[in-house]
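A, B, ... follow the sequence lines: proteins, then strands. Residue 1 opens every chain.
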There are 2 protein chains.
Amino acid sequence: MADTRTPEPAAKPAARTPDTTRRSERSRRAIYDAALSLVGEVGYPKTTIEGIAARAGVGKQTIYRWWPSKAAVLLEAFLDLGERAAEAAGAGGDYEIPDTGDLAADLKTVLRATVDELVDPQYEAPSRALTAAGIVDPVLGAEFVEKLLEPSLQLYVKRLRAAQEAGDVRPDLDPRVALELLVAPLAHRWLLRTLPLTHAYADAVVDCALGGLTPR
Amino acid sequence: MADTRTPEPAAKPAARTPDTTRRSERSRRAIYDAALSLVGEVGYPKTTIEGIAARAGVGKQTIYRWWPSKAAVLLEAFLDLGERAAEAAGAGGDYEIPDTGDLAADLKTVLRATVDELVDPQYEAPSRALTAAGIVDPVLGAEFVEKLLEPSLQLYVKRLRAAQEAGDVRPDLDPRVALELLVAPLAHRWLLRTLPLTHAYADAVVDCALGGLTPR
DNA sequence: ATCAAGCGAGACGGGTCGTCTCGCTCGGCT
DNA sequence: AGCCGAGCGAGACGACCCGTCTCGCTTGAT
């Protein structure tokens, strides 16, 4: 009973902190669903906070209380979608890149799966919108990378380190650079639509990156 | 004097065709300048057509008459900026990737220059905004790729073909895939801000891509 | 010289923004 | 069990921007 007041009214006065214990779970989910469906139907630019609130059957203030921007709503909604999907499939935790001993085959497997995800119409609209928003807004971009992208990239780092120990990858290489050599080309085609993004392309990237451009 | 009327009122009724011969060059340039400076100052989302018109000292209708969207204005303004810069520097035409016989060195030279361009604050805001807009809007994206990106990429194709003939690159590789192995990692870091984009990184990408990930 | 089309300017209705104000509901505390 | 306060749905509010339209006026082609 020593201190019933807010624990930390301290240093930062800008920190608006609504009481999370009283938050309505029902509204939160309704907002996620409304945001995702609207982005899929009318596109990101035409998706408005008013529209999300209306479809979710929610007051606008409820959205403004918990999220700083339309993009932040969509980011959380998308993260939640991913969690639910992961949880519906296997166990809840993170995945791993398979390690059969054949590095090229393992990378092709996972990059092909990435291709499939990227062209899945259910995910395409929101993830394009989020990526684009993150490109322009550094704060949102950092959150996007940290929560959505980086965990996946770390899986590559782990698999590539194992490959280095097995002697399948040159030990002097930075796994971070190696990983980007594999992933960035797919992202490039997907984002800029320069050429079609296919399994064949994923395979070509793996072969090309592993073997190098110069003759051996 | 056989036909003074509009040459083609034909098939497409949607084609609005203002008379380009009467177009005001002064207004066009003022709009370009206003658009670029506003994007640099307040960011792309807060840049409005009304704002551009006001700063350019131009009626809104003048913008709506000649461009279909805010993004289209910025794309043309950016292209014009590039043309003026190119013209101010060397000759007007396109450049080439140098061919000193040392492929790795040539690629490092041009990729380092690309890095410098990407982090140049004058270009960063508008090119980020355009890329992001193109990611979400396929029509604009296609125009962006065709007019801005593809010409540069073709330079790589040409240089890589020469390298194949010289025996510096495996002859069975698709130059298109090879090029993306080099360029996409830079674009990836620049767009997503995962890690700093430096000359050292450009060099590492070249070495890594040429030599391959596996030991030789 | 003529005259039509582009021009600057700004009014207009429609829509969204972000804030604010209502009662009400409902969870935490006593 | 009863109170209290914070989150809730709903919507009013002023500000802003959209895209269209309508004014005279410039201005370039003929």
Would you say that [X] contacts [Y] through its side chain, given a criterion of any heavy-atom pair below 4.5 Å between the two side chains?
X: K108(B); Y: L111(B); value: no
X: L103(A); Y: L107(A); value: yes
X: Y44(B); Y: P126(B); value: no
X: T131(A); Y: W190(A); value: yes
X: L81(A); Y: Y123(A); value: yes

Checklist entry - Mapping E25(B) and T47(A) onto DNA chain C by nearest heavy atom, which one lands closer to the 5' end? => result E25(B)
What's the [atom1]-[atom2] distance between [X] and [N], to the nearest Å?
X: Y64(B); N: dC7(C); atom1: OH; atom2: C1'; value: 17 Å
X: I49(A); N: dC16(D); atom1: CD1; atom2: C1'; value: 16 Å
X: I52(B); N: dC18(D); atom1: CD1; atom2: C1'; value: 13 Å
X: R29(B); N: dC7(C); atom1: CZ; atom2: C1'; value: 19 Å
X: I63(B); N: dC17(D); atom1: CD1; atom2: C1'; value: 13 Å

Next on the checklist: Does R22(B) contact dG28(D) through a side-chain donor or acceptor facing the base, at a distance under 3.5 Å?
Outcome noted: yes
Checklist entry - Looking only at side chains, do Y32(A) and E76(A) share a donor and an acceptor under 3.5 Å apart? => result yes
Item to check | Protein proximity profile, nucleotides 8-15 of chain C - base contact B, sugar-phosphate-only contact S, no contact -, cut-off 4.0 Å on heavy atoms | outcome: BB-B----
Item to check | dC8(D) phosphate, OP1 or OP2, under 4.0 Å from W66(A) side-chain N/O | outcome: yes
